[in-house]
Amino acid sequence: MPELPEVETVRRGLTRELVGRRFESVRVGRERVARRTSRDLIELGLEHATVLSIDRRGKYLLLRLDNDCTAMIHLRMSGQVLIQQAADAERAHSHVVAELDDGRRFAFVDPRTFGEVVVVQNAELHSVCPELLRLGPDPIVDGLDAMDLWATFSRRRRRLKSMLLDQSVIAGLGNIYADEVCHRARLRPDRASDSLNARHVIRLVDSIDEVLVAAIERGGSTLGDGQYVAIDGMSGDFQNEHRVYGRTKQRCDSCRRGIIRRIIIDQRGTHFCPVCQR
DNA sequence: AAACAAACCTGTGCGC
DNA sequence: TGCGCACAGGTTTGTT
């Protein structure tokens with residue numbers, strides 16, 4: 001579910017509400033969310049730790065703690081991080097719950113339990129989470145270099161969308177934003193990556209920046225199932241700006257001629273306008 | 001090397 | 001109203 005704009009919205013919310021706060025009485029419910037390490041390591045690592053700052057790389061959240069540990073959180077498809085009032089009812093599927101020193105509650109909620117929480121000593125972060133080392137540049141944190149990206153696209157021959165979804169090429173794009181980016185850049189998602197010229201890739205990088213910045217400004221996309229919400233339970237707004245995602249068979253609002261098509265790329269539903277994307 | 005398939009789970013929406 | 005199936009924002013692993 002959550003892609004870069006949603007995770008960034010969560011990061012900003014947590015930075016506002018959690019930095020300087022201390023975790024108390026941490027409880028890990030379902031062990032599956034602690035599968036990378038253990039229930040004990042999460043509880044021991046978080047308990048009495050104060051949050052110093054919160055970073056994000058792609059879809060990974062990194063909570064820096066004052067006990068030389070980092071908490072890595074990945075929401076995968078259905079994860080949520082919520083800051084609740086003590087009096088609020090505990091949500092179903094709350095797998096990591098902590099009381100905070102101001103009386104509020106931190107909750108990691110995840111019905112499908114694809115998401116996970118890892119708490120490790122800083123020195124062990126990359127051995128326990130080696131995928132962090134394989135992440136490509138984050139468009140917001142690092143910025144993208146169009147010529148580097150062009151080189152990557154030219155070295156190989158994969159479909160454009162497949163490249164955009166590859167977290168080692170660009171960190172943070174997912175199914176919604178990959179489609180929206182291709183549409184803005186007027187490029188078909190099933191185009192061979194090595195068929196793009198430098199101008200195309202510059203257009204693509206501009207589109208990535210525009211879409212992500214706009215989506216972050218709007219607090220991300222909350223789809224009909226309402227699964228993604230910010231830490232205060234608020235929905236995002238960017239779903240109202242989607243030009244292709246979830247608009248199969250509707251007329252393209254950009255060219256007003258094409259009918260949005262849905263195809264499958266890398267087992268993911270892929271939406272594009274056959275008229276304005278080439 | 002790239003494409004494809006399945007796996008990990010639960011919830012929801014749709015057609016019948 | 002109820003049932004069964006398809007599908008969902010992600011990532012990893014294994015097979016063609």
Side-chain angles (χ1 to χ4, degrees), chain A residues 1-11 29-36 56-61 72-81 91-95 108-118 128-136 138 152-182 189-195 211-212 215-216 218-230 235-242 244-249 262-271:
Chain A
M1 141 189 149
E3 307 178 29
L4 188 153
E6 290 75 31
V7 179
E8 175 62 14
T9 302
V10 170
R11 189 194 71 80
R30 213 150 141 189
E31 189 137 39
R32 191 176 137 72
V33 303
R35 58 192 173 279
R36 183 123 33 156
R56 180 190 58 72
R57 292 275 313 178
K59 300 166 194 168
Y60 293 79
L61 281 172
M72 186 282 273
I73 299 176
H74 198 301
L75 304 172
R76 288 299 219 287
M77 295 287 270
S78 58
Q80 296 179 345
V81 175
R91 290 268 311 275
H93 307 291
S94 292
H95 303 311
F108 175 81
V109 179
D110 188 0
R112 293 174 76 178
T113 63
F114 289 173
E116 58 177 327
V117 176
V118 175
V128 176
C129 302
E131 70 269 41
L132 291 172
L133 292 172
R134 287 185 240 114
L135 288 178
D138 179 294
T152 302
F153 281 15
S154 306
R155 265 198 304 273
R156 300 197 278 170
R157 185 183 195 86
R158 284 164 64 186
R159 291 168 298 185
L160 172 57
K161 177 161 176 181
S162 186
M163 281 290 190
L164 296 179
L165 290 177
D166 185 336
Q167 302 298 297
S168 73
V169 174
I170 299 170
L173 292 180
N175 205 39
I176 294 176
Y177 296 101
D179 284 3
E180 294 300 318
V181 161
C182 287
D190 57 351
R191 251 183 100 139
S193 59
D194 65 353
S195 75
V211 167
L212 293 180
I216 292 168
R218 305 267 199 160
S221 302
T222 298
L223 302 185
D225 58 14
Q227 281 224 52
Y228 162 72
V229 289
S235 292
D237 269 340
F238 195 72
Q239 65 281 1
N240 301 312
E241 308 297 325
H242 292 177
V244 284
Y245 184 85
R247 302 194 66 243
T248 310
K249 294 181 179 167
R262 183 180 188 274
I263 61 175
I264 302 293
I265 294 179
D266 288 0
Q267 302 187 94
R268 318 298 302 278
T270 299
H271 314 74

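Heavy-atom basis, side chains included; hydrogens, waters and symmetry copies ignored. Within every chain, numbering begins at 1; the chains are lettered A, B, ... in the order of the sequence lines, protein sequences first and strands thereafter.
- Following rounding to the nearest Å, A:R35 (CZ) and C:dT12 (P) show an atom-to-atom distance of 11 Å.
- Comparing the P positions of C:dC7 and B:dA5 gives a spacing of 13 Å, expressed to the nearest Å.
- To the nearest angstrom, P of C:dA8 lies 17 Å from CD of A:E6.
- Within a 6.0 Å sphere centred on CZ of A:R157, other residues, nucleotides and ligands contribute 12 heavy atoms or fewer.
- Judged by distance alone, the side chain of A:Q80 and the main-chain N or O of A:Q227 form a donor-acceptor pair under 3.5 Å.
- In secondary-structure terms, DNA chain B builds stems of at least 3 consecutive Watson-Crick or G-U pairs, each pair having both distances under 3.5 Å, at B:2-8 with C:10-16, B:10-16 with C:2-8.
- Nucleic acid contact class of A:Y177 (heavy atoms, under 4.0 Å, all strands): none.
- Here C:dT11 presents its C1' atom at 12 Å from CZ of A:R32, a figure rounded to the nearest Å.
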Quick one: do A:Y177 and A:L4 satisfy side-chain contact (heavy atoms from CB on, under 4.5 Å)? Show the steps, please.
-> CA-CA 9 Å; A:Y177 296 101; A:L4 188 153; over 6 Å; no
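- Looking at heavy-atom distances under 4.0 Å, A:Q267 makes contact with a base.
- The same atom, P, is picked in C:dA6 and in B:dA7; the two are 15 Å apart, to the nearest Å.
- A:R262 comes within 4.0 angstrom of sugar-phosphate atoms only, judged by non-hydrogen atoms across all strands, and of no base.
- Not a single donor-acceptor pair under 3.5 Å links the side chain of A:R268 to the backbone N or O of A:T270.
- Under the 30°/60° scheme for interplanar angles, the aromatic rings of A:Y60 and A:H74 are found to stand perpendicular.
- Rounded to a whole Å, the OH atom of A:Y60 is 12 Å from the P atom of C:dG10.
- The residues A:D110 and A:R76 are annotated as not salt-bridged, no charged nitrogen and carboxylate oxygen being separated by less than 4.0 angstrom.
- Note on A:Q167: every side-chain N or O is 4.0 Å or more away from OP1 and OP2 of C:dG10.
- The nearest heavy atom of DNA chain B to A:P111 and to A:G224 marks one nucleotide each, and the one closer to the 5' end goes with A:P111.
- Spacing between atom CG of A:D110 and atom P of C:dT11 amounts to 13 Å, rounded to whole angstrom units.
- Contact footprint of chain A on DNA chain B: nucleotides with an atom under 4.0 Å from a non-hydrogen protein atom, first to last in 5' to 3' order, B:dA2 to B:dG11.
- Going from atom CG of A:L165 over to atom P of C:dG10 covers 7 Å, rounded to whole Å.
- For A:F114 and A:M163, each mapped to the nucleotide of DNA chain B holding its nearest heavy atom, the one lying further toward the 5' end belongs to A:M163.
- C:dG10 atom C1' lies 17 Å from atom CD1 of A:I265, rounded to whole Å.
- Note: CG (A:L135) to C1' (C:dT11) measures 12 Å, nearest angstrom.
- Partner of A:T113 under the side chain to side chain donor-acceptor pair (under 3.5 Å) criterion, chosen from A:R32, A:H93, A:E31: A:R32.
- A:T9 places a side-chain N or O within donor-acceptor distance of the main-chain N or O of A:P5, the cut-off being under 3.5 Å.
- Nucleic acid contact class of A:R30 (heavy atoms, under 4.0 Å, all strands): sugar-phosphate only.
- With DNA chain C read from its 5' end, the first of the two nearest nucleotides for A:E131 and A:R112 is the one closest to A:R112.
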Evaluate the criterion side chain to side chain donor-acceptor pair (under 3.5 Å) for residue pair A:Y228 and A:S235; output intermediate values, then yes/no.
-> CA-CA 7 Å; A:Y228 162 72; A:S235 292; over 6 Å; no
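- For the 3.5 Å distance criterion, the side chains of A:Q239 and A:R218 fail to qualify, holding no donor opposite an acceptor.
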